[in-house]
Amino acid sequence: MTTTPDRLPGDLPGHVAIYSGKVRELYAPLDPDTGLVDESRLLLVASDRISAYDYVIDSPIPDKGAVLTQLSLWWFEQLADLVDNHVVSTAVPDAVAGRAIYVRRLRMLPVECIARAYLTGGGLAEYRDGGTVSGVRLPAGLEDGSRLPEPVFTPTTKAPLGEHDLPMTYEEVVAQLGPALAERVRELTVQILSRGNEIAAERGILIADTKVEFGVDPAAVGVGPDDEVDWTSLDPDSLQVVLADEVLTPDSSRFWRADEWAPGRAQTSYDKQVLRDWLTSAASGWDRSSGQAPPPLPEEVVALTRDRYVEAYQALTGERFAPPTID
Ligand code: ATP
Ligand code: MG
C-alpha cells in the first residue's frame, strides 16, 4: 500500500475537501451564513509533496507548497496585463497559511497547455524521431537544450490521476475546443512563456518549457458541473479565458541557469536535479525499471531540494523567501 506524505489538515473547518491531486488539495468553502457549499470558489492548497519520474515521493519537502504558492502569486501579478487569473484572496485559514489561495472555481479546459522555448525531454524525443514537435516541423541539427527559433505549443491531454498525459497535435486541440478557443490558448501559452523568459533572463535563468492550465466561468459553459462540455458548440466571443492552477513554478517549468546553458548535453535544472541524481544513483538502491515506487529520501537530499526551490523563488522574484508563520 502506498501512503501519501502529507502534512495537510485533512479536515479544514468551514471547508469540504473535494479533490486531492499529485501536489494540491482542493477545498470548497462553506458559506458562513447558510452553511452551504460556496460553488463559486475553491481553496487551492499546495502541499509539500514532490513527484519525480511520475511517482509521488514518500518524503515531503518542507516549505515547497509555500514556495509554489508565493511564486505563482508573484507571476500572476507580472502577467496580469497579458491574462486574467483565478486569484480571489490570500486571506486563508492559519492551518494553510502561505501555501493556499482562494480562487475562482472554473470549468477547466481539457488540455494541458505546454510551450517550449528550448528543446529537451519529450519534445527532443519526438524531434529525434521525425523532425517535428507536436506536428510542428523544426530546423535540422537541433540538440538537447537547443533554443528553438520561436516557442512551440506542445499540448497534451489532461489524463485522470494516475494516468499519463498524451501528446496532442494542434489539430486535435482545435477538434476539442474549436478553432477560436484553441488559437487563444495557444497564443496565451506562448506569450506567458515568452514574457516569463524576458523577466527570468534579467535574473540569469532560462525557462526551457512550461505548462499552464486555463479555465472559464462555469456559467458561460451552460451545463452542470458533472456534465460533459461540447466546447466547439460555445460562442468563443462569450468565453473569457482565465489562467488557473499554478504558473511558471519549478514544478510546472524547467528552469536552467543561463550561465551554465550549453546545448548538446543535458542541462542542470534548478530544482529536481538533486533528487533525480540521488534516485538514479546506486545509493538509493532504486531501479527505475522495476515498476516499484522510489524509497524515501535521505535528510540531506530533502534539505538540498528545499534549498533549490527557495533559491529559484529568490532568484526570480528578487525577494527573500519567508516561511509562513502561524501565530
Ligand atoms: P498535474 O500534475 O497535471 O498538475 P494534478 O491534478 O495532480 O495534475 P494538482 O496541481 O495536484 O495537479 O491539482 C490541482 C487541480 O486543481 C488540477 O486538477 C487543476 O486542474 C485544478 N484547478 C486549478 N485551478 C483551478 C480553478 N481555478 N478551478 C477549478 N479547478 C482548478
Ligand atoms: Mg497541477
Side-chain angles (χ1 to χ4, degrees), residues 2 4-8 15-29 37-57 60-61 64-69 71-73 75-76 79 83-90 92 96 99-115 121-122 154-168 185 189 192 209-221 223-226 229 239-254 271-272 309:
T2 54
T4 37
D6 198 354
R7 303 185 309 158
L8 294 177
H15 297 74
V16 280
I18 58 167
Y19 177 80
S20 178
K22 283 199 283 290
V23 169
R24 287 177 179 71
E25 305 289 327
L26 268 47
Y27 296 84
V37 170
D38 176 352
E39 301 279 353
S40 68
R41 290 190 185 192
L42 286 175
L43 181 66
L44 187 66
V45 185
S47 74
D48 290 341
R49 295 192 287 269
I50 191 164
S51 63
Y53 304 114
D54 277 329
Y55 289 100
V56 175
I57 310 291
I61 306 299
K64 175 174 173 281
V67 167
L68 295 184
T69 299
L71 186 56
S72 287
L73 282 168
W75 278 118
F76 280 130
L79 302 167
V83 58
D84 193 15
N85 65 62
H86 67 165
V87 179
V88 172
S89 161
T90 56
V92 298
V96 292
R99 56 196 172 119
I101 43 176
Y102 284 109
V103 300
R104 281 190 262 170
R105 187 170 184 169
L106 303 169
R107 176 53 86 110
M108 303 300 287
L109 303 188
V111 176
E112 302 265 13
C113 292
I114 298 167
T154 61
T156 68
T157 58
K158 227 169 117 57
L161 208 57
E163 290 174 34
H164 290 287
D165 297 336
L166 298 172
M168 290 174 90
V185 297
T189 306
I192 289 165
D209 47 39
T210 197
K211 181 200 86 174
V212 286
E213 291 186 41
F214 298 101
V216 301
D217 181 352
V221 170
V223 297
D226 299 324
V229 180
L239 291 178
Q240 198 202 3
V241 173
V242 180
L243 179 60
D245 208 43
E246 62 178 334
V247 59
L248 297 170
T249 71
D251 272 14
S252 65
S253 323
R254 282 191 175 91
D271 46 1
K272 291 189 187 165
Y309 273 79

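When a ligand or atom number is given, it counts from 1 through the structure's own listing order. In what follows, residues are counted from 1 in the order of the sequence shown.
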At what distance, to the nearest 0.5 angstrom, does [atom1] of [X] lie from [atom2] of [Y]?
{"X": "Thr157", "Y": "Leu166", "atom1": "OG1", "atom2": "CG", "answer": "4.0 Å"}
{"X": "Leu73", "Y": "Thr90", "atom1": "CG", "atom2": "OG1", "answer": "6.5 Å"}
{"X": "Thr189", "Y": "Asp209", "atom1": "OG1", "atom2": "CG", "answer": "12.5 Å"}
{"X": "Ile114", "Y": "Asp165", "atom1": "CD1", "atom2": "CG", "answer": "7.0 Å"}

Hey, are Asp38 and Arg105 close enough for a salt bridge, meaning a charged N less than 4.0 Å from a carboxylate O?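 Salt bridge flag = no for Arg105 with Asp38.
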
Are Arg99 and Glu25 ion-paired here, with the side-chain N under 4.0 Å from a carboxylate O?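 Between Glu25 and Arg99 there is no salt bridge, as every charged N stays at least 4.0 Å from the carboxylate O atoms.
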
Could you tell me whether [X] and ligand 1 have an N or O pair separated by under 3.5 Å?
{"X": "Val23", "result": "yes"}
{"X": "Val103", "result": "no"}
{"X": "Tyr19", "result": "yes"}

Among all the protein's non-hydrogen atoms, which is closest to [atom], and how far away is it?
{"atom": "atom 11 (O) of ligand 1", "result": "Arg24 N, 2.7 Å"}
{"atom": "atom 3 (O) of ligand 1", "result": "Lys211 NZ, 2.9 Å"}
{"atom": "atom 25 (C) of ligand 1", "result": "Met108 SD, 3.8 Å"}
{"atom": "atom 28 (N) of ligand 1", "result": "Leu106 N, 3.0 Å"}

Can you name the atoms of ligand 1, numbered from 1 with element, that are less than 4.0 Å from a heavy atom of [X]?
{"X": "Gly21", "result": "7 (O), 11 (O)"}
{"X": "Glu213", "result": "19 (C), 20 (O)"}
{"X": "His86", "result": "24 (N), 26 (C), 27 (N)"}
{"X": "Leu42", "result": "28 (N), 29 (C), 30 (N)"}
{"X": "Leu26", "result": "16 (O)"}
{"X": "Lys22", "result": "1 (P), 2 (O), 5 (P), 7 (O), 8 (O), 11 (O)"}
{"X": "Ala244", "result": "24 (N), 27 (N)"}

In terms of the angle between their ring planes, are His15 and Tyr102 parallel, tilted or perpendicular, with boundaries placed at 30° and 60°?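 The rings of His15 and Tyr102 lie parallel, inter-plane angle below 30°.
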
Quick check on salt bridge (Lys or Arg N to Asp or Glu O under 4.0 Å): which of Arg24, Arg107, Lys158 does Glu213 satisfy it with? Lys158

Shortest non-hydrogen contact between Ser252 and Leu248, atoms and distance: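 Minimum heavy-atom contact is OG-N, 3.5 Å.
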
Just wondering, are more than 12 heavy atoms of other shown residues or ligands nearer than 6.0 Å to CZ in Arg104? yes

Which option, Val242, Asp245, Val45, owns the non-hydrogen atom nearest atom 22 (N) of ligand 1? Asp245

Shortest reach to atom 27 (N) of ligand 1 by a heavy atom, considering only Arg107, Arg104, Arg49: Arg104

Please check this pair: side chain of His164 against backbone of Ala159, looking for a donor-acceptor N/O pair closer than 3.5 Å. no

Does at least one non-hydrogen atom of Glu246 fall below 4.0 angstrom from an atom of ligand 1? no

